[in-house]
Amino acid sequence: MSENFKVCFCCSRSFKGKKRQPPDSIKTLFEAYSRNGKMSFDDLLRFLNEFQGERHAGLDYVQDIFHSVKHHNIFHIHRLIHLNAFYRYLFSDINSPLPLSSQVHHDMKAPLSHYFVYTGHNSYLTGNQVNSRSSVEPIVQSLRKGVKVIELDLWPSPSGNSAEVRHGGTLTSHEDLQKCLNAIKDNAFHVSDYPVVITLEDHLTPHLQANVAKMLSKTFRGMLFLWGSESSRHFPSPEELKKKIIISTKPPKEYLESQSVNTSRTSMDKEISWSKPSSSTNMTWRGVNKIPEEEEESESEVIGYRDLIAIFAGSCKNNLKDCLSDDPGNPRRISMDELWLETLARTRGTDIVRFTQRNLLRIYPKGSRLDSSNYDPMVGWTHGAQMVAFNMQGHGKQLWIMQGMFKANGGCGYVKKPRILLDTHTLFDPSKRLPIKTTLKVKIHTGEGWDLDFPQTHFDQFSPPDFFVKIGIVGAPRDTVTYKTETAVDQWFPIWRDKFLFQLSVPELALIWFRVQDYDNDTQNDFAGQTCLPLPELKSGVRAVRLHDRAGKVYKNTRLLVSFSFDPPYTFQIS
């Protein structure tokens, strides 16, 4: 069978098309676990246990695999599968490199500061930071992808009579605040029941703050989490905060000016009863919401703006020396841009790690990223920063890394930080060269699906594509490295023989990424798919790695066949 490409009106080029067939490496693997060219139930189970590392797989799982490839109609009469059926199984979704179940498997009963949280920046913007449109749609899309921190910038309307959502000082349009709150309410728990934090960038007058307090109370009612007056050493846990909306912003100016933490809380005391969780030794006091459920509320029944702020926020803009100070009785959140983080990391890396063991740290893009691009999230994560805020409407490698991180833990939006970041006795220093703990071995066998997901001339007008794969590790500085395969010329079903070794000193914080491109001699290489996977969740063996487009949407058919193994074997422990 051949492929024809037009060169001009009267001429064409013909290429002998290669069939989709297993590469030699897969044939050899099949032969090692089959007899007389056929694989039985017991043979397949042995392959799963020994080569794939599926120690708990049994005959029921093998039966599921047989059913998954039954439609290929290549079964032996006695329920034995041939090479091609085995090959189809390897490329199937059941052979994922990550756990198939979306079940949460991290401990969710630790304080909120012990988790990385999927965080958005300027969550209402549809494009750049200068003149794009504000809308509820990016908010909805983010929440439905698992984002758990939504940022809203609040400014007075031109009339000064209401608050609106917009990026101040720019030409971006505004969006109605109530619409944004409704979008959050309707989509907050689409992916998981774990809490959603709303970070408010507040530029309002006291009068408008009072109006916003009414809107928040009436919109979210019993969903709002309200902090008690008692001090606590720790934030509540995600488990305690299920189905809760948490408001986080800086305290009102009049509160700051009073310098009094014991401001009268009469209005709050009318609405809240306080109880301490009985089953936890390190959990904070918990507010039991008593906001009336009726539609109409009197003025006195509306909780004040200051009392709605469950997590007080500060910044490092003017006081570098004290911004990492830790009040033992009052954990807090501070925000800094990526440049401040880089500055602090050079001299006070362990101080940041210590601070983030009890307090929350939010990182956001520097102001010059007018195109809504993003920064390297690993700088924040390796220092324990929980809220690494990203422009979710942006594209590029950094966003793919962010999406890869939050594929972990069932995609619930919360990923437990590894033990090294929570050890209070030996503080982790991200800049220190640590010994190698294990080596990740990766072999890229082949790929398929581009002929189904792309038009014939999408990559090259006059020939089949020339695919190559870039592969790399992101993590601690010592572990970060990038490699590239050879180019498979004129092939829709490329076969590679490349093997790569990644020596890892902090595998707990590492992710592996893939980007496939079509090589072009005289123009920019064409994008042909990407993905990023968290190493603590990575399965060993030969796996079908599904690829995504630039925005992170998974392709229907396109995937790579890749082998993974750790030498020596490494057990990832989530504290």
Side-chain angles (χ1 to χ4, degrees), residues 117-145 147-188 190 195-221 223-224 245-253 302-306 308-311 313 315 333 335 337 362 364-365 367 369-372 374 387 389-394:
V117 190
Y118 207 173
T119 302
H121 174 253
N122 289 351
S123 303
Y124 51 88
L125 287 183
T126 58
N128 65 53
Q129 307 285 310
V130 181
N131 60 1
S132 66
R133 182 172 61 92
S134 297
S135 170
V136 299
E137 280 307 309
I139 297 173
V140 173
Q141 292 172 12
S142 293
L143 290 169
R144 287 181 166 264
K145 291 176 181 176
V147 172
K148 286 295 182 176
V149 182
I150 298 295
E151 182 188 35
L152 302 178
D153 287 356
L154 303 185
W155 292 81
S157 65
S159 67
N161 295 325
S162 62
E164 62 185 22
V165 176
R166 59 184 168 89
H167 194 200
T170 69
L171 299 176
T172 57
S173 65
H174 71 274
E175 182 54 281
D176 181 71
L177 174 58
Q178 187 62 60
K179 289 183 179 179
C180 294
L181 298 181
N182 290 341
I184 295 172
K185 177 183 178 181
D186 294 340
N187 297 278
H190 175 79
V196 166
V197 180
I198 304 176
T199 57
L200 300 178
E201 205 51 48
D202 171 11
H203 305 273
L204 303 176
T205 62
H207 170 69
L208 292 181
Q209 288 175 344
N211 289 345
V212 169
K214 295 178 185 178
M215 295 173 69
L216 292 169
S217 299
K218 292 181 178 181
T219 301
F220 297 116
R221 299 184 178 279
M223 298 165 69
L224 279 174
I245 302 293
I246 303 171
I247 306 301
S248 179
T249 186
K250 62 182 183 295
K253 289 182 179 179
V302 177
I303 294 179
Y305 183 77
R306 185 256 183 199
L308 286 175
I309 304 172
I311 301 176
S315 69
R333 171 177 75 85
S335 293
D337 71 13
R362 177 178 174 272
Y364 58 92
R369 293 188 181 275
L370 302 180
D371 59 351
S372 290
N374 289 300
M387 299 180 178
F390 260 37
N391 295 306
M392 296 301 169
Q393 75 277 24

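Atoms considered below: every heavy atom in the structure, side chains included; atoms not considered: hydrogens, waters and symmetry mates.
- Listed by chain and residue number, nothing satisfies the salt bridge (Lys or Arg N to Asp or Glu O under 4.0 Å) test with E175 (two or more places apart in sequence, or in another chain).
- Among residue pairs with one or both ends in residues 200-219, those qualifying as ring-ring contact (aromatic ring centres under 6.0 Å, His included) are W155-H203; sequence neighbours excluded.
- Distance alone, capped at 3.5 Å, is enough to place a donor-acceptor pair between the K148 side chain and the A188 backbone.
- A donor-acceptor contact shorter than 3.5 Å links the side chain of T249 to the backbone of L200.
- For N374, the side-chain hydrogen bond (donor to acceptor under 3.5 Å, both in side chains) test picks out no residue, with sequence neighbours left out.
- When every heavy atom of Y118 is checked against every heavy atom of K145, the shortest pair comes out as CE1-O, 3.6 Å.
- A donor-acceptor pair is defined here as one N or O able to donate and one able to accept, closer than 3.5 Å; such a pair exists between the side chain of N128 and the backbone of N131.
- Under a 3.5 Å cut-off, the side chain of R166 and the backbone N or O of P156 do form a donor-acceptor pair.
- Closest non-hydrogen pair, N122 versus E151, comes out as N-OE1, 2.6 Å.
- Put simply, the side chain of S248 never gets that close to the backbone of T199: no donor and acceptor are under 3.5 Å apart.
- At distances below 3.5 Å, not a single donor-acceptor pair connects side-chain atoms of S372 with backbone N or O atoms of N391.
- When only modelled atom types and interatomic distance are considered, Q178 and T219 share a side-chain donor-acceptor pair under 3.5 Å.
- For H190, the ring-ring contact (aromatic ring centres under 6.0 Å, His included) criterion is met by no residue, not counting sequence neighbours.
- Within the structure, no pair that satisfies the ring-ring contact (aromatic ring centres under 6.0 Å, His included) test touches residues 158-184, not counting sequence neighbours.
- Using a 3.5 Å distance cut-off with no hydrogens or angles, the side chains of S162 and S157 do pair a donor with an acceptor.
- For Y305, there are no ring-ring contact (aromatic ring centres under 6.0 Å, His included) partners two or more places apart in sequence or in a different chain.
- Nearest approach of A163 to L177, heavy atoms of both residues: O-CB, 3.9 Å.
- Scanning all heavy atoms of the two residues, the minimum distance from L224 to L216 falls at CD1-O, 3.6 Å.
- A pairwise comparison of heavy atoms in I309 and K250 identifies CD1-O, 3.7 Å as the closest pair.
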